[in-house]
Amino acid sequence: MAQAVEFDRYGDVDVLNVVEVPEPAPGPGQVAVRVVAAGINPGETKIREGLLHDRWPATFPSGQGSDFAGRVTALGDGVGGVAVGDEVLGFTEQRASHATHVVVPAEQVTAKPAALSWDVAGSVYVAGTTAFAAARSVSPAAGDTVVVSGAAGGVGSLVVQLLRAKDVTVIGIAGPGNHAWLRSKGVIPVEYGDGLADRLRAAAPDGIDAFIDTYGDGYVALAIELGVQPERIDTIIDFAAVEKYGVKSEGNAFANTIDVVAELAGLAATGALEIPIAATYPLDRVRDAYRELERGHTHGKIVLHP
């Protein structure tokens, strides 16, 4: 038997349970993986609470989780290029990675670089591909000034690094506790809260070219107020603002390939991209992991160890 996180109704963290399930077996073209690390993501909270039912409804009982890293335990018919025992990272589109075992199509895994820690490898997919797509969506060019909200979070911390690699001036909105880390990445930190618009204007006296919102809570409206053109604003979370202002909403679905995952893993393995790990929890403490995530002030990723 395997273990998996499931919920049988929408609700808060108390609906999450770790249950015994049959160990999944790979079908043709699939691989089975014993999960070592699996990142958790804010979107999973919103799905579990039913806040995204119209966009991504749950079918009960529902599993959860997309990111994972682990060791291949079995191969389905027709699978080549990977062997039992290989260390891999990848993703599932079946909300199933928060478990001891997962089965996915072989094209949804890639080799884990030896230099990459398990925790980072298990955190690349959702945050990494979302950051990749968001950074690309605003067409950053050398000399631009780009503001990022939630700049020290799981996605924002990657967005700012990807932008800095393009010789962009990056202003990161974050709490004071994360300002030193942002400065270490060449980012200009600005504290959120009352008076933010004035602080951003002071930090960017020549104007703001683009804005990436990873947090929600009115940041798209702020970007419009600051004179940023809608086609150079991207939000990964405020879908109402997309409808209201005509801004972009390019995230994970716009970079949802194993090639992007492999590229990001390679950057992380060489140190060119830091994926901060905020905390780790055993699978049976999944509720505690999400409580910490939902406080909204973690720096980097929270990871489950099934």
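Basis for what follows: all heavy atoms, side chains included, without hydrogens, waters or symmetry-related copies. Note that the structure is predicted; figures quoted are calculated from it, not measured. Position 1 is the first residue of the sequence, and the numbers go up from there.
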Straight-line distance of [X] [atom1] to [Y] [atom2], nearest 0.5 Å:
X	Y	atom1	atom2	answer
Thr270	Leu116	OG1	CG	10.0 Å
Thr129	Ile258	OG1	CD1	10.0 Å
Leu182	Gln161	CG	CD	9.5 Å
Ser249	Ile236	OG	CD1	8.5 Å
Trp118	Ile277	CH2	CD1	14.0 Å
Gln229	Ile208	CD	CD1	12.5 Å

Side-chain heavy atoms of [X] within contact of [Y], under 4.5 Å:
X	Y	result
Val35	His101	no
Leu163	Ile212	yes
Leu89	Val109	no
Lys46	Ile237	yes
Val88	Lys112	no
Glu23	Met1	no
Leu196	Val190	yes
Ile171	Leu200	yes

Do [X] and [Y] land in one hydrophobic cluster if side-chain heavy atoms of ILVMFWY residues count as linked below 4.5 Å?
X	Y	value
Val220	Val147	yes
Leu283	Val102	no
Val126	Ile47	no
Val170	Val138	yes
Val160	Leu162	no

Fill in the blank from the handout: Quick note, salt bridge (Lys or Arg N to Asp or Glu O under 4.0 Å) partners involving residues 289-306, not counting sequence neighbours, are Asp14-Arg291, Arg48-Glu294, Asp288-Arg291
Problem - Contact list for residues 128-156, test salt bridge (Lys or Arg N to Asp or Glu O under 4.0 Å), sequence neighbours left out - result: Asp144-Arg232
Problem - Whether Phe239 and Trp56 hold their rings parallel, tilted or perpendicular, with breakpoints at 30° and 60° - result: perpendicular
Practice task
Could you tell me how the ring of Tyr215 sits relative to the ring of Tyr219: parallel (under 30°), tilted (30 to 60°) or perpendicular (over 60°)?
Solution key: perpendicular
Problem - Validation row, ring centre His305 to ring centre Tyr281 under 6.0 Å - result: no
Practice task
Answer with yes or no after comparing the ring centroid distance for Phe254 and Phe132 against a 6.0 Å cut-off, counting only values under it.
Solution key: no
Pair [X], [Y]: side-chain N/O donor-acceptor within cut-off below 3.5 Å:
X	Y	answer
Trp181	Glu274	yes
Asp284	Gln3	no
Thr235	Asp213	yes
Asp12	Tyr290	no

Work out which heavy atom in [X] is nearest to a heavy atom in [Y]; give both atom names and the distance.
X	Y	answer
Ala133	Gly251	CB-O, 3.1 Å
Gly246	Pro230	O-CB, 4.0 Å
Val103	Ala25	CG2-C, 3.9 Å
Val247	Val242	O-CG1, 3.4 Å
Ala83	Val72	O-CB, 3.5 Å
Asp67	Gly39	CB-N, 3.9 Å

Exercise for the section: Check the pair Ser149 / Tyr192 against side chain to side chain contact (heavy atoms under 4.5 Å, CB included), numbers first and verdict last. Expected result: CA-CA 9 Å; Ser149 68; Tyr192 56 78; over 6 Å; no
Any donor-acceptor pair under 3.5 Å from [X] side chain to [Y] backbone:
X	Y	value
Asp198	Gly195	no
Arg199	Glu191	yes
Arg164	Gly186	yes
Ser62	Ala58	no
Asp209	Thr145	yes
Glu263	Val260	no
Gln108	Phe91	yes
Lys166	Ala142	no
Asn252	Thr130	no
Ser97	Ala38	no

Fill in the blank from the handout: Given the options Val303, Ile302, Ile275, Asp119 meets side-chain contact (heavy atoms from CB on, under 4.5 Å) only with Val303
Handout entry: Over 12 non-hydrogen atoms of neighbours within 6.0 angstrom of NZ in Lys185
Key = yes
Exercise for the section: Run the numbers on Glu93 and Asn256 for side-chain hydrogen bond (donor to acceptor under 3.5 Å, both in side chains), then give the verdict. Expected result: CA-CA 10 Å; Glu93 297 178 323; Asn256 188 23; 2.9 Å; yes
Practice task
Run the numbers on Arg71 and Val33 for side chain to side chain contact (heavy atoms under 4.5 Å, CB included), then give the verdict.
Solution key: CA-CA 5 Å; Arg71 296 182 177 88; Val33 177; 5.7 Å; no
Handout entry: Steps toward side chain to side chain contact (heavy atoms under 4.5 Å, CB included) verdict (Leu264, Leu273)
Key = CA-CA 8 Å; Leu264 293 165; Leu273 180 69; 4.0 Å; yes
Problem - Intermediate values then yes/no, side chain to side chain contact (heavy atoms under 4.5 Å, CB included), Val286 and Leu304 - result: CA-CA 7 Å; Val286 62; Leu304 295 175; 4.0 Å; yes
